[in-house]
Each structure stands twice: as C-alpha cells, then as structure tokens.
Amino acid sequence: MFRIGIGHDMHRLVAARPLVLGGTLIPFDCGSDGHSDGDALTHAIADAILGALCEGDLGVHFPDTDPQWKDANSMELLGRVVWLAHERGFEIVNVDCNVMLERPKLREHIDGMRANVAAALNVDIAWVSVKAKTGEGLDAVGRGEAVTVQAIVLLRQS
Ligand SMILES: [Zn+2]
C-alpha cells in the first residue's frame, strides 16, 4: 500500500539569522526567521510525511510554545518524523521539492541538501529531488522577503 503527502512552508528572511535549507548552512546576509533553525525545506518534507501518515503537522508534534524545540536542529525533527513513519510500518519511496528563493542562487548547494535529506529519510540520494526557483521579482519571494518550499512525498508499506 502507498500513501502520498504534501508539505508547504514559508519563512520570513531577516538579518542576523542563519540561512539553513535541507540541513545545509548557506552563506548569505540574512536567514529564516522563526522557531528552531528555520529550515523551511526540512519542515516542508517533515510536514509531507506527517500528511501521508494523516498525523497532523509539525506544529502538533513540536509546538513552538515548547522551549524544548527553540533553535532545534530541524534535521533532528525530520529524523523523529521518519522514525514515526517506520513505527507506522511505512518507508519513504521518494520526495520532490521546490525551493522558492530569490537570492542567493542555490545550484551549488543542491546536491549537499539532497545528501542530507536522503540520509535523514534513509533512502538513496537518487530518490530525493530538490529544485530551486526564484519569484521572478514578484511577490514576497521575489522581493527577497521570504523563502517558500513545497514538498511531496510517497510512502510505501514496508
Ligand atoms: Zn518552518
């Protein structure tokens, strides 16, 4: 049996914050605001897995009112979500993601993000797709005010 899930995340970009995507620290003059490390790619993937499991969203499992998760490493949260999927008898088949960010260019970081995500999902890197897009100068992404991520994941009963 298969399950499919969709995830979405958006973070405001602000000064004096690290820009972390897929567990990769990307050198830039601003980064994601928000609880934890603001890793929008990892959050969207975790939400997609929780969606496929019909287990709510990240906020249910790791509430931002809980100081335990302040500045948490999002890859660790993703690891816990993958563990939950395994507990429910599912393994990850593949994941496909769109990262919408005006600047900086992500091309040189894509394979590093894919490797980090693949390790967290316990799948081969060939099953992890990360695509980078800009906002074409339009909307909050286009103005450089936000990073937005879409993720879709397929689970298979193991
Ligand atoms: Zn997030």
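In each ligand, atom 1 is the first atom listed, and ligand 1 is the first ligand listed.
The aromatic rings of Trp69 and Phe62 stand perpendicular to each other, their planes meeting at an angle above 60°, with 30° marking the opposite boundary.
For Ser158 and His86, the side-chain atoms include no donor-acceptor pair closer than 3.5 Å. One side chain, Asn116 or Thr24, offers a donor N or O that lies under 3.5 Å from an acceptor on the other.
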- request: Show the numbers, then the answer: is there a side chain to side chain contact (heavy atoms under 4.5 Å, CB included) between Leu13 and Val147?
  value: CA-CA 7 Å; Leu13 294 176; Val147 55; 4.1 Å; yes
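Inclusion of Asp39 in the first shell of the Zn ion (ligand 1) is not supported: no N, O or S atom falls under 2.8 Å.
Nearest N/O/S atom of Asp9 relative to the Zn ion (ligand 1): this is OD2. Note on His43: its N/O/S atom closest to the Zn ion (ligand 1) is ND1.
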